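Because only heavy atoms are used, hydrogens play no part in the values below, and waters and symmetry mates are left out as well, while side chains stay in. In what follows, chains carry the letters A, B, and so on, assigned in the order in which the sequence lines appear, proteins first and then strands, with residues in each chain numbered from 1. Computed from a prediction, not measured in an experiment: that's the story for all the values here.
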Protein chains: 2
Amino acid sequence: MSPAGRRPGDSGTREAILTAAREGFSAAGYRGTSLRAIAREAGVDPALITHYFGSKDALFEAALALPLDPGALVPLLLAEGLDGLGDRIVRAFLAVWDGTPGQGPMLAMLRSAVTHEDSAERLRELLTRVLLRPLAEGAGKGDAELRAALLASQVAGLAVARYVLKIEPLASATADQLAPLLGPTLQRYLTGALA
Amino acid sequence: MSPAGRRPGDSGTREAILTAAREGFSAAGYRGTSLRAIAREAGVDPALITHYFGSKDALFEAALALPLDPGALVPLLLAEGLDGLGDRIVRAFLAVWDGTPGQGPMLAMLRSAVTHEDSAERLRELLTRVLLRPLAEGAGKGDAELRAALLASQVAGLAVARYVLKIEPLASATADQLAPLLGPTLQRYLTGALA
DNA sequence: AACAGAATTCATCATGCGTAGAGTTCTACG
DNA sequence: CGTAGAACTCTACGCATGATGAATTCTGTT
């Protein structure tokens with residue numbers, strides 16, 4: 001049909017592939033998404049993906065690169081003091097997920113973490129080292145590891161319940177509704193008495 | 001190699017297939033596990049799986065059949081009153097997961113729920129209708145749906161953090177250590193003030 | 001104007017998949 | 001015994017997959 005050879009002008013093919021890949025991976029996970037499906041979605045020949053990224057694994061890697069730096073979030077959250085920290089964490093979390101176009105990379109990370117052992121390790125690393133532990137240490141109440149883990153459990157649970165299982169009314173609640181519900185839990189995990 | 005035809009004696013082939021299937025599905029999810037791999041693991045011809053179960057979907061269904069009745073748990077938990085309910089839920093949850101041989105069906109359910117849209121629906125149904133909502137209604141403080149959803153979020157989060165992401169020290173903590181940490185959260189979601 | 005190299009298509013390979021069907025051997029029941 | 005049917009193996013089909021290599025067309029630099 002279409003002739004071979006380079007197209008004139010600036011075709012944002014690479015980006016189109018990445019977008020389609022994120023969509024696919026976040027919807028069906030790594031194995032559930034074929035290169036051909038991604039190519040079809042992106043309106044592109046399958047071989048182009050190999051051409052650009054080398055392999056499916058490399059594409060996956062590239063698609064999961066987060067568009068934001070989670071490390072930058074921590075000082076921002078801590079800047080306003082410990083009061084209402086839990087509340088602000090809930091809001092920040094929801095803002096990131098709901099704000100990310102199509103929730104692509106986020107859901108993809110979660111989905112693949114649950115299936116792919118390597119991804120689970122990477123997500124654990126990212127979550128604990130860059131995000132949760134700094135938060136818990138910033139709170140300065142000791143037991144940083146434990147507090148970070150508890151925080152992770154409630155935050156991950158929110159993600160699963162809201163975005164994967166879509167349990168109502170959690171799934172369609174607004175940040176204003178959720179913050180006072182979950183905030184106190186996080187606050188206690190971070191700054192409260194534990195035993 | 002091996003001759004065709006029926007083997008003498010009682011070969012627990014069906015069970016072997018189910019075991020291998022649970023192992024596979026819980027380790028790599030639905031798509032990530034092939035019938036041939038299951039058959040190899042079970043030391044069995046792939047066609048036997050079709051013979052016994054009809055299709056991969058049906059096998060999946062059969063492998064996920066829970067060995068326990070979650071509905072029976074609720075009255076047990078509620079029987080001892082509302083005091084310490086959260087605590088008891090944490091303990092029951094851990095007992096079920098840690099007690100289930102190989103955590104097979106449990107992890108498989110979680111893993112596939114995250115990948116497979118249908119499984120997500122089934123898990124949501126099971127969780128909310130049979131387990132969480134009866135609990136929240138049994139607590140009798142109103143807002144049963146919302147309380148059930150919040151409960152789900154913390155419980156699912158515990159599962160993900162402990163069994164999938166394996167975040168320490170959550171992953172290797174005992175029930176006695178976790179109950180006082182997470183119990184109050186669940187207690188508040190079920191019986192506490194919400195807004 | 002020439003040319004290296006990037007972008008793109010196509011045809012193709014080997015592999016693995018889920019499933020179906022035919023054939024063989026054993027068991028259970030009459 | 002005889003025979004229905006369950007347990008089991010083998011072969012094969014059609015399809016999708018990830019990857020490769022050659023061919024073609026455009027772009028940027030000299």
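In this structure, B:Tyr30 atom OH and C:dC17 atom P are separated by 13 Å, rounded to whole Å. In this entry the distance linking CZ of B:Phe60 with P of C:dG18 reads 13 Å, nearest Å. Between A:Phe53 atom CZ and D:dG18 atom C1' the separation is 16 Å, expressed in whole Å. We find that CZ of B:Arg14 is positioned 13 Å from P of D:dA6, with the value rounded to whole Å. If you take CG of A:Asp45 and C1' of C:dT12, they are 13 Å apart, rounded to a whole angstrom. At whole-Å resolution of the value, CD1 in B:Ile49 and P in D:dT9 are 11 Å apart. Regarding B:Ile38, its CD1 atom lies at a distance of 8 Å from the P atom of C:dG18, rounded to whole Å. Going from atom CZ of A:Arg31 over to atom C1' of C:dG18 covers 16 Å, rounded to whole Å.
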Distance-only donor-acceptor hits, side chain of residues 178-187 of chain B, under 3.5 Å, sequence neighbours excluded:
unit_1	atom_1	unit_2	atom_2	d
B:Thr185	OG1	A:Arg188	NH1	3.3
B:Thr185	OG1	A:Tyr189	OH	2.7
B:Gln187	OE1	B:Leu85	N	3.1
B:Gln187	OE1	B:Gly86	N	2.9
B:Gln187	NE2	B:Leu82	O	3.0
B:Gln187	NE2	B:Thr191	OG1	3.3

Indicate every side-chain donor-acceptor pair of residues 40-49 of chain A with a distance under 3.5 Å to a residue at least two apart or in another chain.
unit_1	atom_1	unit_2	atom_2	d
A:Asp45	OD1	A:Ala47	N	2.9

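Between the B:Arg31 side chain and the A:Arg31 main chain, no donor and acceptor come within less than 3.5 Å of each other. Side chain of B:Thr33 to backbone of B:Gly24: a donor-acceptor contact under 3.5 angstrom is found. For the pair A:Arg124 (side chain) and B:Ala161 (backbone), a donor-acceptor distance under 3.5 Å is absent.
Mapped onto DNA chain D by nearest heavy atom, B:Ala47 and A:Thr50 fall at different nucleotides, with B:Ala47 at the one closer to the 5' end.
Applying the ring pair (Phe, Tyr, Trp, His ring centres under 6.0 Å) criterion to A:Tyr30, with sequence neighbours excluded, gives A:Phe25, A:Phe60, A:His116.
Distances shorter than 4.0 Å separate none of the side-chain N or O atoms of B:Thr13 from OP1 or OP2 on D:dA7.
At least one side-chain heavy atom of A:Thr13 sits less than 4.5 Å from a side-chain heavy atom of A:Tyr52.
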Each nucleotide N or O in nucleotides 15-17 of chain D that has a protein N or O under 3.5 Å away: list the pair and distance.
unit_1	atom_1	unit_2	atom_2	d
D:dT17	OP1	A:Ser34	OG	2.9

I'd like a table of atom pairs between the protein and nucleotides 3-6 of chain C - only N or O on both sides, under 3.5 Å - with the distance next to each one.
unit_1	atom_1	unit_2	atom_2	d
C:dG5	N2	A:Arg6	NH1	3.3
C:dA6	N3	A:Arg6	NH1	3.2

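A salt bridge (charged side-chain N to carboxylate O under 4.0 Å, His left out) check over residues 171-181 of chain A, counting only residues at least two apart or in different chains, returns the pairs A:Arg91-A:Asp176.
With hydrogens and angles left out, the side-chain atoms of B:Glu168 and B:Ser172 include a donor and acceptor closer than 3.5 Å.
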